[in-house]
Amino acid sequence: MTAADLEYVTVARADDVPPGALYEAELDGEPLLIVNVEGTLYACAALCTHLDGPLSQGVLTGAVLRCPWHGSTFDVRSGEALGRPAREPLRGYALRVHAGEIQVARP
Ligand code: FES
């Protein structure tokens, strides 16, 4: 599958996610997180890979998101788990902005 074959779905307006913001959206009934890192948007899973902590309530420092439950840290650009207890990366989603709307590709 190429990038051109991806099916994008609108999940939020770009205005909803200013720099430094975490925004919980939904794709096909699944929560996902839109994150604005210094003007660049990323989409990743909204639940921590440790015990499903709500990452929309976490703390974002630059590109590093800290889970509010037990403190795992993730790089939201790659999903990489940086700090335990989480070991598994966050799932990421392809994202684009089209006509002021944030669109995420269906996995
Ligand atoms: S649920 Fe996120 S660190 Fe435990």
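Ligands are counted one by one from 1 in listed order, and the atoms in each one are counted from 1 as well. Residues: numbered from 1 along the sequence shown.
H50 has its side chain out of reach of W69: every pair of non-hydrogen atoms, C-beta onward, lies at least 4.5 Å apart. R91 has its side chain within reach of P107: a pair of non-hydrogen atoms, C-beta onward, lies under 4.5 Å apart.
Counting non-hydrogen atoms of neighbouring residues, nucleotides and ligands closer than 6.0 angstrom, the CZ atom of R96 exceeds 12 such neighbours. By the 6.0 Å contact criterion, CD on E88 is open, its count of non-hydrogen atoms from other residues, nucleotides or ligands being 12 or less.
Counting only distances under 2.8 Å, and ignoring water, the protein N, O or S atoms around atom 4 (Fe) of ligand 1 are H50 ND1, H70 ND1.
Without hydrogens or angle criteria, T49 side chain to A86 main chain gives no donor-acceptor distance under 3.5 Å. When atom types are taken as modelled, the side chain of D75 and the backbone of E80 share no donor-acceptor pair closer than 3.5 angstrom.
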